[in-house]
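Reviewing the structure listed below.
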Amino acid sequence: MINLAELGRVFIVCGKTDMRRGIDSLAYIVKKSFNLDPFSGCVFLFCGSRRDRFKALYWDGQGFWLLYKRFENGKLAWPNNEDEVRELSEKQVMRLMQGFTIDPKIHIARARELY
């Protein structure tokens, strides 16, 4: 498995992205929608509406890499806010690559009152 966090800082572009987009239009989204530099050496992650695949855009100093991952079983728990981009920790990147949510939720069980 490729460890995206080893490449540099990793940002997740929340909400849906048209997965037909290529390098140039994804780089344009990074620059115009979020005022980030696609040539910075950071990794930018995008997900479509089906939530079973994502793309990673990365500049290595000589050219862009466009990586694509599709999960055969299950769906990604991708953040919904389309106006947001978030930086992920290395742990969050690993959870995402394994198909888990980046923000695990812990539900506190409430004990029933005894009568």
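Along the sequence shown, the residues carry numbers beginning at 1. None of the values given here were measured: they were computed from a predicted structure.
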Review point. What residue pairs, at least two apart or across chains, pass side chain to side chain donor-acceptor pair (under 3.5 Å) with a residue in residues 27-51?
Key: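 Found R51-N80.
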
**Study point:** Pairs satisfying side chain to side chain donor-acceptor pair (under 3.5 Å), at least one member in residues 8-20, at least two apart
**Key:**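 For residues 8-20, and leaving out neighbouring residues, the side chain to side chain donor-acceptor pair (under 3.5 Å) pairs sorted by first residue read R9-E87, D18-R20.
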
Sequence-distant partners of [X], side-chain contact (heavy atoms from CB on, under 4.5 Å), two or more places apart:
X   : answer
D60 : Y58, Q62, W65
A56 : L4, V43, L45, L67
S89 : K91, Q92

Practice item. For atom CG of N3, decide whether the heavy atoms of other residues, nucleotides or ligands shown that lie under 6.0 angstrom number more than 12. Key: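 Atom CG in N3 is packed in, count exceeds 12.
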
Where [X] and [Y] come nearest, the two heavy atoms and their spacing:
X   : Y   : value
P79 : I12 : CD-CD1, 3.7 Å
R53 : L76 : O-CD1, 4.1 Å
F71 : L96 : CZ-O, 3.6 Å

Point to revise | Residues clustered with Y68, ILVMFWY side-chain links under 4.5 angstrom | key: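 Members besides Y68, by chain and number: M19.
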
Practice item. Answer yes if I102 and L7 sit in the same cluster of Ile, Leu, Val, Met, Phe, Trp and Tyr residues linked by side chain heavy atoms under 4.5 Å apart, and no otherwise. Key: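 In one cluster: yes.
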
Between [atom1] of [X] and [atom2] of [Y], what distance do you get to the nearest 0.5 Å?
X   : Y   : atom1 : atom2 : value
F54 : M97 : CZ    : CE    : 4.5 Å
I23 : K55 : CD1   : NZ    : 9.0 Å
F44 : L36 : CZ    : CG    : 5.0 Å

Point to revise | Geometric class of the W59/F39 ring pair [parallel <30°, tilted 30-60°, perpendicular >60°] | key: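 Correct class here is perpendicular.
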
Review point. Just by modelled atom types, is the V13 backbone N or O under 3.5 Å from a matching donor or acceptor in the W78 side chain?
Key: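 Yes, W78 side chain to V13 backbone: donor-acceptor pair under 3.5 Å.
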
Check your understanding: Any side-chain heavy atom of F46 sitting closer than 4.5 Å to one from I29?
Key ->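 SC-SC contact between F46 and I29 confirmed.
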
Exercise for review: Output, in order, the C-alpha distance, side-chain angles, deciding distance and verdict of side-chain contact (heavy atoms from CB on, under 4.5 Å) for V30 and F11.
Suggested key: CA-CA 10 Å; V30 168; F11 291 90; over 6 Å; no

